[in-house]
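All values derive from a computational prediction rather than experimental measurement.
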Amino acid sequence: MQPEALSARGRTPLGKADGSAGRGGGAQPALELLVHGVGGATPEEMLGDPRTELVTGDRTAGIHRRRDDVRAEEPAAEPAGGPAEEGAGDGRGEGGGSRTEPVQEAYCWSNLTSGNGARALWLVLLPFMIANLVHWMRPAAPSGHRAHRAYDVLVRIFALTLTVQLVLAAGEVTLDLLAWQCAGSAHCTADKSWLGFMSAGDGGWFGGPGRRLALGALVPVLLTALLWWLSRRTWSIYESAKPSPRAGAPGAAAGEQSALSLPGFWYGRRLVARLRAAHTATGLLAVASALVVVTAAADEDTGGGLRAAGWVLGALIAAGWIAVLALVCRSGRTEAEPDMGEDRRAVRVLPVAALALLAAVLVHTAWSRPDWTSSGRLPGTSVFSGLALMQGVLAAGLAVTGWLLQRRATGEPPALRGLAGACVALLASAVAGVFSGGVAQRVADWLDRGATPGENGPLAGPPVVLSWQATAIPLIALLVLLLALAGAWRVWVLRRRIATEVAGLYPTEHRYTGDNDPRTGRIAGAIARARLTDDAAPAIGAAALATLVLGAGAVLGAWLHDEVPGKAAQGAPGPLPGLAQTGQALGSWMMGAGVILLLAMGRQAYRDPKSRRTIGILWDVGTFWPRAAHPFAPPCYAERAVPDLAWRTSTWTTRTGGCLVISGHSQGSVLAAAAVWQLDPDIRGRVALLTYGSPLRRLYGRWFPAYFGDRALAGLDDQTHAWKNLWRLTDPIGGPVRPTTPDGRPSDVDRKPLKDPLAFERTPEHPLPAAINAHSDYQADPAFAVERAELLARIAVAPAAPPEEWPRRVPRPAGEPEAETAGGAAQGSTGMSSA
């Protein structure tokens, strides 16, 4: 390809494939920046060399090179007698000189999402992560639509109800089951010496109901404090990474820019701080509200100061709830520029005021009331029914706003046609119900010493609605089994149909011998299983509908009978009483076992890379997105990874004037695309994008259409000078991205599907049967090197800005001094530097 040749889009002259048109007429440096996918990989695995060094970054997320390539961009120093002895002619070695292939370096980010087994405790916050996903599932309606703000506000209020549910679930165990019911029953405390100091029969200082409740309230309060601490601590690791100071330079009209290209998209510090303050105050106010409801019932028939103080505290708590809702409703994302401001009054005053109010409520609750005794369930536990009802109403609101937005959207219809957010919100509510109900049911069974709480035991047990929800769990499990059987049937049908088409994939070597040919069957089976990914939307829709119907039935049953299902069904005709008792008992065990199983699976996934590759894709998708709805969700690793990649790409291309290929696999391809969006147009001219096994359209485009839909991917293709995507029919995660050109024609980004396996039968090149790689080992395919070389040849050669023209300051939060960077190049908080 000659220097005067034009790219496929006819934009700018191209450099030679061998890099001879580089700065000063010498050899042009070329770099391939590898970004791994789900499950992670070591630098040694990515680079194929046991000798690697950390070039920049840290052990959490850093860039590594082969030891021989650490100084590959430096000019080769020739000895007096001739060319350099080391690294000469092999395309590697220090002082790289001319090269036959690009230098490779690996960006390893797996420690952002994995580590020791203790990180599995993040799975307790799974409902928060799912709620945060709902925010990003908004349909791709034109910007400025009136339903945009309504959708975002509904999501944030829904996330607030999940915080209340988690805190009250902890309070249900310590306040209701332990402090109120068990400590007030001689039968329950008889064999529990550790609970003796709270026993009502012992007459100790903590024997009164009020002091028992004040002591039990410390657990949900400490849980709220722990969530606040985790959110604040993880911000310093993830969300504090500053965006590139040159990101977001004018290149496209403001209305045509993707949100992912805005400079402030990956810097959510201010929003997370506001939401963290609101949710922390929410947890404290939820505990205070529960205690005030209990003391109001105790002081109902008495006058004097206690009752008046209770009314005053109740009024202050109501004012606190209003302040929380006001802060949540106005806390939107600011993405046009990095929001460096601070809301110190809201962030500091609101939680402190809620804590002071809770302290006053604790004193009021612990005040001596001589005739006060505890019996039955704790007053106010019907709040769980109210929360379930509120979450259903909010999900309905999300469905309506999603439908309105989808009516104005263009392009390929997304998953569930705009209702994905509402369906996923219902699933978040269901998971939260399993967590809260499972823990409460298991603790109640343990305290009641084998009896069935609420039916034949001395304790009243947890709220009735939790027992009704537990009864619905076996039905949901049956639905999941039916969906699994339907999936297996579909795989079997597809496999038989695809088996007849495998011959077309290997026209020169395939000899079709019928459906019973083992090799054909394995290939067809791999393709059929891969296509199940496209059927996830109907399955999630069916599960959400079942959750809605069964959840509504549980709330209605609890409201009509105010008894657990087994007791409410007594005297009913036929097998209904037995089925109700069996469903209640089985569901109770399944709820508790589900919590334990989820934690065990999460711990195994964090510790075992193979297990992580199996289930890690869903977790990595959930934690890819910034915390825009729930501040207690697991942290967003992309707010560290995307600035890392953008900084590295900008600094390397500017300092060397070379060409760079960002090579992303699986989830790494999403990070790579997000980083390219953050680059300046002049930098993009020397950057190519190579994606393989990419879920950009298959997963992100369908479920997050406002950010990865047709318009966004077409814009990325138009703004990226060179992009190629590799995929396989057997890959259950990756697929074609199918962007379109500005005139509506299909782009040439997608290569035709790669052969998998590479050979159908034994060949001289493959004397042993070639493996079916599915989602892995894309770099081993011969097409990979071909496409990478072509991308390097297509990258435009643009003059590099001299280092002295780089901005010398990085934006800092208010009150924090700006630091000069070494050599005049701005550096982020992640410690990125040029190799």
Side-chain angles (χ1 to χ4, degrees), residues 126 130 133 137 395 399 412-431 433-434 469-502 515-516 520-554 579 582-583 586-587 590-591 593-594 597-598 601 611 613-619 621-622 695 697-703 728-735 772 774-775:
L126 182 61
I130 298 175
L133 279 179
M137 290 182 171
E412 182 181 349
L416 299 174
R417 296 184 175 272
L419 302 181
C423 292
V424 172
L426 288 172
L427 296 182
S429 177
V431 174
V434 169
Q469 289 174 345
T471 307
I473 295 297
L475 299 177
I476 295 179
L478 179 61
L479 173 64
V480 172
L481 178 60
L482 292 177
L483 291 175
L485 292 175
W489 170 259
R490 177 164 174 77
V491 167
W492 185 79
V493 172
L494 285 175
R495 178 183 175 278
R496 291 178 60 86
R497 189 179 71 191
I498 295 171
T500 62
E501 303 171 359
V502 172
D515 295 342
N516 294 326
T520 300
R522 283 192 292 270
I523 297 173
I527 297 174
R529 288 189 296 272
R531 292 187 182 179
L532 276 184
T533 303
D534 303 322
D535 297 331
I540 290 178
L545 180 61
T547 298
L548 178 63
V549 173
L550 294 175
L579 291 176
T582 302
L586 182 61
M590 291 178 68
M591 291 176 80
L597 179 62
L598 188 62
M601 290 175 59
S611 299
R613 291 187 183 99
T614 304
I615 64 175
I617 179 62
L618 299 178
W619 186 259
V621 169
R697 173 175 288 275
R698 194 175 193 181
L699 184 59
Y700 283 83
R702 296 188 66 206
W703 292 95
R728 299 181 178 125
L729 294 173
T730 55
D731 192 338
I733 298 174
I772 300 176
H775 188 58

Engineer: Taking side-chain hydrogen bond (donor to acceptor under 3.5 Å, both in side chains) as the definition, give me every residue that meets it alongside R529, ordered by chain and number, with sequence neighbours left out.
Structural biologist: none
Engineer: Using side-chain hydrogen bond (donor to acceptor under 3.5 Å, both in side chains) as the criterion, list what pairs up with T730, not counting sequence neighbours.
Structural biologist: D756
Engineer: Sorted by first residue and then second, give each salt bridge (charged side-chain N to carboxylate O under 4.0 Å, His left out) pair with at least one member in residues 470-485; sequence neighbours left out.
Structural biologist: none
Engineer: Could you list all the side chain to side chain donor-acceptor pair (under 3.5 Å) pairs where at least one residue sits in residues 417-429, not counting sequence neighbours?
Structural biologist: Q391-S429
Engineer: Any side-chain heavy-atom pair from L699 and I733 closer than 4.5 angstrom?
Structural biologist: no
Engineer: Only counting residues at least two apart or in another chain, list the ones meeting side-chain contact (heavy atoms from CB on, under 4.5 Å) with I130.
Structural biologist: L126, V424, A428, V431
Engineer: Closest approach of L479 and A543, non-hydrogen atoms and distance?
Structural biologist: CD2-CA, 4.1 Å
Engineer: Which atom names give the shortest non-hydrogen contact between A537 and A415, and what distance separates them?
Structural biologist: CB-CB, 4.1 Å
Engineer: To the nearest 0.5 Å, how far apart are CD1 in I540 and CG in L483?
Structural biologist: 10.5 Å
Engineer: Over all heavy atoms of both residues, which pair between T547 and A430 is shortest? Give the atoms and the distance, please.
Structural biologist: CG2-CB, 3.6 Å
Engineer: With sequence neighbours left out, what residues match A554 under side-chain contact (heavy atoms from CB on, under 4.5 Å)?
Structural biologist: W468, Q469
Engineer: Which heavy atom in A422 sits nearest to a heavy atom in A395, and how many Å separate them?
Structural biologist: CB-O, 3.4 Å
Engineer: Could you pull out all residues at least two apart from I473 that satisfy side-chain contact (heavy atoms from CB on, under 4.5 Å)?
Structural biologist: V434, M590, M591
Engineer: Any salt bridge (charged side-chain N to carboxylate O under 4.0 Å, His left out) pairs touching residues 482-493, not counting sequence neighbours?
Structural biologist: R490-D535
Engineer: Just to verify, what does R702 make a salt bridge (charged side-chain N to carboxylate O under 4.0 Å, His left out) with, not counting sequence neighbours?
Structural biologist: none
Engineer: What residues form a side-chain hydrogen bond (donor to acceptor under 3.5 Å, both in side chains) with E501, not counting sequence neighbours?
Structural biologist: none
Engineer: For P732, enumerate each residue passing the side-chain contact (heavy atoms from CB on, under 4.5 Å) test, keeping only those at least two apart in sequence or located in another chain.
Structural biologist: A530, T533, A774, H775
Engineer: Only counting residues at least two apart or in another chain, list the ones meeting salt bridge (charged side-chain N to carboxylate O under 4.0 Å, His left out) with R728.
Structural biologist: none
Engineer: As a quick check of understanding, evaluate side-chain contact (heavy atoms from CB on, under 4.5 Å) for D534 and R698, giving each step before the final call.
Structural biologist: CA-CA 8 Å; D534 303 322; R698 194 175 193 181; 3.1 Å; yes
Engineer: Identify the heavy atoms of W703 and A536 that sit nearest to each other, and give their distance.
Structural biologist: CZ2-C, 4.5 Å
